[in-house]
Visitor: 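I am attaching a structure below and will ask some questions about it afterwards.
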Protein chains: 2
Amino acid sequence: MTSRPTLASLAEQLGLSRQTVSNAINAPERVKPETLRRVNDTIAATGYRPNAAARQLRTRRSRNLGFRLMPVEDGINGAILDRFLHSLTENLQEHGYRVTLFAARDDEAEIRSYDELLETSDLDGFVLAGTHHGDARSDWLLARSVPFVTFGRPWNVSGDDKDCAHSWVDVDGRAGTAEATNYLLGRGHRRIGFLGWPAGSGVGDDRRAGWASALDEALTPADLDALSVGVPDGTRQGAEGARLLLERGATAVVCASDSLALGASEQFRAATPGNPAAVIGFDDTPVAAAMGLSSVAQPVEQAAKEIVDIMRHVLDGAPDEQVPVTHRLLKPRLVLRDGGGPLASPLSS
Amino acid sequence: MTSRPTLASLAEQLGLSRQTVSNAINAPERVKPETLRRVNDTIAATGYRPNAAARQLRTRRSRNLGFRLMPVEDGINGAILDRFLHSLTENLQEHGYRVTLFAARDDEAEIRSYDELLETSDLDGFVLAGTHHGDARSDWLLARSVPFVTFGRPWNVSGDDKDCAHSWVDVDGRAGTAEATNYLLGRGHRRIGFLGWPAGSGVGDDRRAGWASALDEALTPADLDALSVGVPDGTRQGAEGARLLLERGATAVVCASDSLALGASEQFRAATPGNPAAVIGFDDTPVAAAMGLSSVAQPVEQAAKEIVDIMRHVLDGAPDEQVPVTHRLLKPRLVLRDGGGPLASPLSS
DNA sequence: CAACTGTATTTGAACGATCAAAAGAGATAG
DNA sequence: CTATCTCTTTTGATCGTTCAAATACAGTTG
């Protein structure tokens, strides 16, 4: 066994030239079928693999995409990004791409990283999670026409998604909370509260809107107003908010996150012992599963797949081809559990 | 603004040769101080960054390490790997290394990935999580003398770590459960149970051993035997196991995971209403934090740092220098919380 | 038969860095 | 004055691939 085979060594072995072997790999249609077969045979026999660095040097493509790891926050909601990242990696891998991670404390540091990673030319593009409108990061990338797709809408103030200059894939939170609310309506609840975050966050307001739309006919605007509470994310805050909602006569609650739902569920169970809590969370995190909490599940695997599709379109397309900006809104799925904590009996439905 | 600066363009600008500029970057001591200053100035002025691909092609180093994303399991314990990965990325980044992710369904597929990633020569080494003795992966990597460090001991049957042929960093689970048990002893508990997994898993047995050693004097062997329960990981199983322990007179319990602890805590609270549950989990996952559960925290950040240190030693050292195999066992930390779920009152200690 | 067509293959250069060895400039010694 | 040594800088080759253009060859065509 000598050294690793290269194009040149293969070519010599076959009595061909480098370039023909190269063509057999990258542009098979240019090569005579008979030759192609011979080349493929020896490639298989020798286990030849093109050297990534050499290829990258010449083509200026690394088949590597960057993903920024967000600072670990509460970790409950972080779990969903974990699943996303996993799925992203798998999907990209199938198409010969890889994910390179990088960490950054804030958006500014993230941009510095972009610069660095692009300058050394080892990344072809980026996948961003959680952009906001006027996001310095997307602006920076757009200005340099670096390929990127975001998981999450930019939430531009105008509310008009059409003018967004970059592709994104997101989950329709509004549809999710609407479905959750409708489910509770179907179970006979009327005074269904919404436990979310302080107004102003795109995601939060969207989720609230779904709840409000579902109750549009069942409740008066005044009631809607009373039954909507906004608190910072967290279990304790969730319990606090739920207490308020209970005081205002809520018999069920739809939450903007599983953290909130966890706190709320505890509060509801304490208030109405014996009854399974009519609390629905968001994100279907492992905690929700462990606690038997119903929750709205984001189809992160599908999101990752769609993002990869868009990316491939951009990266594998002809160099000058102008790929249209794509926006995809995915429907979440309501996952029903007994809702009463790990030991509660199943719903008698 | 023309095109990206290269060594050659810098050299021309300075009236020097490529190699001198290269030396200024990679071996400053070989360059006259005055020249070095001039070079550094123009590097700063032009924002020059060496092209990673070209460098990689020549040096056969990518400054990229591979990390396999495990299949998402329960996600509760997955959170700890998430933190680890984050810290790993940050630490490597500080030293000019990057993390490339890849997914694999099983060990065999993982090995195929190694092969692929190494052949195309874009990875310098790997960081593995969760190895076991006789692990095909570590054997494969060792046989090819690919640099790698594992997070987790290989748990070889002999129990003798000394003969392990590769470097690892791990957390001393035994010390963790011992500390937890001692804490409960200090609080007046005597019949302290252990809720773990079925015997046979290295990690699980290690954690059980810590509990047993702390109770060595307080309990008879028979009691120890009765107060140790092994069940598959999960909240429901934890509750089930805790029921058993309560029947056998346990007043407190140390668990091998937060999932188990979560179920146990629920069970204990139901059995002794009013009292905060004397349940201690393991891993200090977000769930534990959210539920106010005490737990043994693994210093994953430190583990990541140590792993990076070892890796740097191997990769940045002289090519022929034989780096000694390193084993590091880190002490976990007991994180105390009220233990009574999100709404329970704090301990009246 | 010369001129054209199209297909299949080859050649030389380039990508941007580093390695190995040579060369130039001073200093020191014999 | 030459030889030797050290310090600094330069030269030419090389890593393995792809690009752009050239070549070879067979088949049409007027």
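Please read all numbers here as calculations on a predicted model, not as lab measurements. Reminder, nothing fancy here: chain letters follow the sequence lines and each chain counts from 1.
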Visitor: Rounded to the Å, how far apart are B:L7 CG and D:dT9 C1'?
Guide: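 These atoms are roughly 15 Å apart.
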Visitor: Checking A:L315 against A:L65 for the side chain to side chain contact (heavy atoms under 4.5 Å, CB included) test, could you report, in this order, the C-alpha distance in whole Å, the side-chain angles of both residues, the deciding distance, and whether it holds?
Guide: CA-CA 10 Å; A:L315 295 174; A:L65 299 188; 3.7 Å; yes
Visitor: Got a second to check how far B:H95's NE2 is from B:E90's CD, nearest 0.5 Å?
Guide: 11.5 Å
Visitor: One pair to check against side chain to side chain donor-acceptor pair (under 3.5 Å): B:N64 and B:T100. What are the steps and the verdict?
Guide: CA-CA 6 Å; B:N64 251 297; B:T100 293; 2.9 Å; yes
Visitor: Write down the distance between CZ (B:R4) and C1' (C:dA17), rounded to a whole number of angstrom.
Guide: 11 Å
Visitor: Which nucleotide in the list C:dA20, D:dT18, D:dG16 gets nearest to the side chain of A:Q19?
Guide: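 Nearest listed nucleotide: D:dT18.
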Visitor: Hey, does the side chain of B:S22 come within less than 4.0 Å of C:dT18's phosphate (OP1/OP2), counting only N and O?
Guide: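 Yes, within the criterion.
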Visitor: Give the nucleotide from the list D:dT18, D:dG16, C:dT9 with an atom nearest to the side chain of A:L16.
Guide: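 It is C:dT9.
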Visitor: Calculate the interatomic distance between B:Q56 atom CD and C:dA17 atom C1'; express it in whole Å.
Guide: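 After rounding, the gap between these two atoms is 12 Å.
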Visitor: For the pair made of CG in B:N26 and P in C:dA20, what is the distance, rounded to whole Å?
Guide: 14 Å
Visitor: For the side chain of A:N51, starting at C-beta, report the closest nucleotide among D:dT18, D:dT17, C:dT18.
Guide: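 Nearest to the side-chain atoms of A:N51, counting from C-beta on, is D:dT17.
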Visitor: Please give, in whole Å, the distance from C:dA8 P to A:R37 CZ?
Guide: 16 Å
Visitor: Run through B:F84, B:W168, B:F126 and flag the one making a ring pair (Phe, Tyr, Trp, His ring centres under 6.0 Å) with B:F151.
Guide: B:F84
Visitor: Of A:R58 and B:P5, whose nearest nucleotide on DNA chain C comes first from the 5' end?
Guide: A:R58
Visitor: Would you kindly compare B:T35 and B:L57 by the position of their nearest DNA chain D nucleotide and give the one closer to the 5′ end?
Guide: B:T35
Visitor: Looking at A:R60, I'd like to know whether one of its side-chain N or O atoms comes within less than 4.0 Å of OP1 or OP2 on C:dG16.
Guide: yes
Visitor: Look at A:S17 and C:dT10 and indicate whether a side-chain polar atom (N or O) is within less than 4.0 Å of OP1 or OP2.
Guide: yes
Visitor: For B:R55 and D:dT14, give me the distance from atom CZ to atom P, rounded to whole Å.
Guide: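 In whole Å, D:dT14 P and B:R55 CZ are 22 Å from each other.
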Visitor: Is A:N23 near enough to C:dT9 that one of its side-chain N or O atoms lies under 4.0 angstrom from OP1 or OP2?
Guide: no
Visitor: Select base, sugar-phosphate, or nothing to describe what B:T20 touches, counting heavy atoms under 4.0 Å on all strands.
Guide: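 Base, at least one base heavy atom under 4.0 Å.
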Visitor: What integer distance in Å separates B:K32:NZ from C:dG26:P?
Guide: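 Roughly 9 Å, once rounded to whole Å.
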Visitor: OP1 or OP2 of D:dT8 versus the side-chain N and O atoms of B:R30: is any pair under 4.0 Å?
Guide: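 No, B:R30 has no side-chain N/O under 4.0 Å of OP1/OP2 on D:dT8.
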Visitor: If we ignore hydrogens and angles and just use 3.5 Å, is the side chain of A:Q93 paired with the main-chain N or O of B:A103 as donor and acceptor?
Guide: yes
Visitor: Quiz question: going by heavy-atom distance under 3.5 Å, is there a donor-acceptor pair between the base of D:dG12 and the side chain of B:R18?
Guide: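 Yes.
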